[in-house]
Amino acid sequence: MDVEVLEPRTVEEAAALRGEHGDEAKLIAGGTALVLMLRNRLIAPRYLISLNTLPGLRDVSYQPGEGLRMGALATIAQAERAAAVRDHYPALADTYHKVANVRVRWAATVGGNLTEADYASDPPAMLVALDARVQASGPNGTREIPIGEFFLDYYETALAPDEVLTEIRVPEPAAGTRATYLKFITRSSEDRPCVGVAATLRLDPAGACEDVRVVVGAVAGTPQRLPEAEALARGKRPAPELFQQIGDAYAQAIDPIDDVRGSAWYRRRMVRVLVARALNELASHES
Ligand SMILES: Cc1cc2nc3c(=O)[nH]c(=O)nc-3n(C[C@H](O)[C@H](O)[C@H](O)COP(=O)(O)OP(=O)(O)OC[C@H]3O[C@@H](n4cnc5c(N)ncnc54)[C@H](O)[C@@H]3O)c2cc1C
């Protein structure tokens with residue numbers, strides 16, 4: 001059966017079309033994930049609702065005090081290169097730079113990367129560490145979802161079927177916050193991560209840890225953050241032994257997936273190494 005492409009002019013129209021056609025329709029943004037599913041006959045929708053005709057969802061901007069706003073249809077390459085991201089959120093720009101290859105990054109959108117909810121993705125862990133929020137619009141209006149509540153399980157998000165993700169917002173990090181993303185790959189250099197670790201660190205004026213965040217991606221259905229392990233650092237001076245203790249806590253608590261990129265046993269060992277490595281790297285940065 002032929003697929004009909006629908007081209008709504010507004011987000012409300014896109015949501016209404018999705019509601020009207022139900023499971024017979026799929027929203028499409030960059031198409032990098034969706035077209036693969038169509039080609040492999042994993043899905044066979046009657047309608048594709050293109051989001052590419054929607055105006056105003058490609059802007060990437062930064063306002064001091066307010067933070068970063070990325071329209072859901074901005075491409076990953078656009079986000080990686082935008083001054084708003086590079087100048088104010090360099091670790092996020094670096095995370096986007098580490099996604100796939102340049103061809104995929106020019107087509108794939110920042111919104112599609114989240115809504116696909118593939119566990120083996122890079123930006124989700126960094127966005128959780130940065131406390132991002134997403135805007136979703138549907139028949140009942142617009143709502144904001146904290147990114148920590150957005151991913152529910154493998155390929156499952158908090159979006160209702162007739163909601164469109166329209167924007168990602170990242171608050172301004174507290175002054176002095178350092179951030180990094182380590183992507184560990186086991187196959188080709190353009191592959192998805194076996195383990196990804198996003199970490200942030202802020203020291204108090206006396207040089208002790210004031211705020212530590214660690215989010216491990218690609219090892220389970222959703223990005224993994226353990227506040228009780230992060231709290232081990234609070235008030236203590238940065239030290240390799242302390243960071244290893246946090247790495248051990250993550251390795252013990254996470255129940256990793258077994259897949260082609262690595263066994264559960266291997267992933268657990270890599271989590272242990274990479275969490276400590278990310279924190280040591282942040283501690284050695286000049287602030
Ligand atoms: C070869 C290859 C390598 C890759 N490697 C990596 C990698 O290393 N790291 C990584 O993080 N990712 C990787 N990816 C995944 C890539 O980032 C995603 O395919 C991409 O981000 C999806 O974005 P898209 O705009 O193409 O979405 P689409 O393919 O258009 O859509 C994906 C899903 O999201 C839904 N959707 C899209 N936009 C919206 C929206 N605004 N609101 C509601 N629903 C929406 C669609 O209905 C569909 O279900 C790779 C992909 C490929 C093809």
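Quick note: numbers below take in every heavy atom, side chains included, and nothing from hydrogens, waters or symmetry partners. Each residue takes its place number in the sequence, starting with 1.
The backbone N or O of A120 sits less than 3.5 Å from a side-chain atom of R192, completing a donor-acceptor pair. In this structure, Q78 contributes its side chain and T75 its backbone to a donor-acceptor pair below 3.5 Å. One N or O on the side chain of N101 and one on the backbone of V104 form a donor-acceptor pair closer than 3.5 Å. At distances below 3.5 Å, at least one donor-acceptor pair connects side-chain atoms of T53 with backbone N or O atoms of P8. Of the possible polar contacts, none joining the N40 side chain to the L42 backbone as a donor-acceptor pair under 3.5 Å is found. Using modelled atom types, no side-chain atom of Y119 and backbone atom of G217 make a donor-acceptor pair closer than 3.5 Å. Of the possible polar contacts, one joining the S50 side chain to the N52 backbone as a donor-acceptor pair under 3.5 Å is found. E116 places no side-chain N or O within donor-acceptor distance of the main-chain N or O of A33, the cut-off being under 3.5 Å. The closest donor-acceptor contact from the side chain of N113 to the backbone of T109 lies at 3.5 Å or more, if one exists at all. Between the side chain of D153 and the backbone N or O of E156, no donor-acceptor pair lies under 3.5 Å.
Minimum heavy-atom separation, L159 to I145: CD2-CD1, 4.4 Å.
The number of heavy-atom neighbours closer than 6.0 Å to CG of D87, taken from other residues, nucleotides and ligands shown, is above 12. Summarising the local packing, CZ of R277 is surrounded by 12 or fewer heavy atoms from other residues, nucleotides or ligands at distances under 6.0 Å. Annotation for D255: atom CG does not count as buried by contact number, only 12 or fewer foreign heavy atoms lying within 6.0 Å. No more than 12 heavy-atom neighbours from other residues, nucleotides or ligands sit within 6.0 angstrom of CZ on R269.
Residues V85 and V134 fall within the same hydrophobic cluster, defined by Ile, Leu, Val, Met, Phe, Trp and Tyr side chains chained together at heavy-atom separations under 4.5 Å. Using a 4.5 Å cut-off between side-chain heavy atoms of Ile, Leu, Val, Met, Phe, Trp and Tyr, with links allowed through other members, L201 and L182 fall into the same hydrophobic cluster. Taken together through direct or relayed side-chain contacts under 4.5 Å among Ile, Leu, Val, Met, Phe, Trp and Tyr, V128 and V212 form parts of separate hydrophobic clusters. Under the 4.5 Å side-chain heavy-atom criterion for grouping Ile, Leu, Val, Met, Phe, Trp and Tyr, W265 is connected to V219 within one hydrophobic cluster. Residues V35 and L48 share a single hydrophobic cluster, defined by chaining ILVMFWY side chains whose heavy atoms lie under 4.5 Å apart.
Rounded to the nearest 0.5 angstrom, L54 CG and T10 OG1 are separated by 7.0 Å. The CG atom of L232 lies 11.0 Å from the CZ atom of F243; values are rounded to the nearest 0.5 Å. Taken from CD1 in I28 to OG1 in T32, the straight-line distance is 9.0 Å, to the nearest 0.5 Å. In this structure, CD in E7 is found 10.5 Å from CD in E13, a value given to the nearest 0.5 Å. One distance of note links CG of D94 with OH of Y181; it measures 9.5 Å at 0.5 Å rounding. Once rounded to the nearest 0.5 Å, the distance linking CD1 of I257 with OG of S263 reads 11.5 Å.
Looking at K183 and D122, a side-chain N of the basic residue comes within less than 4.0 Å of a carboxylate O on the acidic one, giving a salt bridge. The residues D131 and R213 are annotated as salt-bridged, a charged nitrogen and a carboxylate oxygen being separated by less than 4.0 angstrom. Salt-bridge formation is not detected for the pair R187/E190: no Lys NZ or Arg NE/NH1/NH2 atom is positioned less than 4.0 Å from an Asp or Glu carboxylate oxygen. Between R69 and D59 there is no salt bridge, since no side-chain N of the basic residue sits under 4.0 Å from a carboxylate O of the acidic one. Between R267 and D259 there is a salt bridge, since at least one side-chain N of the basic residue sits less than 4.0 Å from a carboxylate O of the acidic one. Between E167 and R169, at least one side-chain nitrogen of the basic residue sits less than 4.0 Å from a carboxylate oxygen of the acidic one, meeting the salt-bridge criterion. We find that E80 and R105 are joined by a salt bridge, their nearest charged nitrogen and carboxylate oxygen being less than 4.0 Å apart. Salt bridge E163/R143: present, at least one basic N to carboxylate O contact under 4.0 Å.
Residues I246 and V275 meet the side-chain proximity criterion, which asks for heavy atoms closer than 4.5 Å. Contact annotation: the side chain of L38 approaches that of P45 to within less than 4.5 Å [non-hydrogen atoms, C-beta and beyond]. The shortest distance between side-chain heavy atoms of L165 and S137 does not fall below 4.5 Å. With contacts defined as side-chain heavy-atom distances shorter than 4.5 Å, the pair L127/L114 qualifies. R225 has its side chain within reach of E230: a pair of non-hydrogen atoms, C-beta onward, lies under 4.5 Å apart. You'll find the side chain of L152 stays beyond 4.5 Å of the side chain of T222, heavy atoms only. Side-chain contact between T115 and F150 is present, with heavy atoms from C-beta onward closer than 4.5 Å. Looking only at side-chain heavy atoms (C-beta outward), L203 and D211 stay at 4.5 Å or farther from each other.
E281 and T180 form a side-chain donor-acceptor contact under 3.5 Å, judged by distance and modelled atom types alone. A donor-acceptor contact closer than 3.5 angstrom is absent between the side chains of Q252 and D248. A donor and an acceptor atom, one from each side chain of T177 and T200, are nowhere located under 3.5 Å apart.
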(message) Does L226 form a side chain to side chain contact (heavy atoms under 4.5 Å, CB included) with V214? I'd like the steps, not just the answer.
(response) CA-CA 7 Å; L226 299 177; V214 176; over 6 Å; no

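When the ring pair (Phe, Tyr, Trp, His ring centres under 6.0 Å) test is applied to F184, no partner is found at least two apart in sequence or on another chain.
M126 pairs with exactly one of V170, I147, V197, L92 by the side chain to side chain contact (heavy atoms under 4.5 Å, CB included) rule, that one being L92. E210 pairs with exactly one of K236, R202, R178 by the salt bridge (charged side-chain N to carboxylate O under 4.0 Å, His left out) rule, that one being R202.
Screening residues 33-68 for ring pair (Phe, Tyr, Trp, His ring centres under 6.0 Å), with sequence neighbours left out, gives H21-Y47, Y62-H88. Legend: salt bridge (charged side-chain N to carboxylate O under 4.0 Å, His left out) pairs involving residues 28-45, not counting sequence neighbours: none detected.
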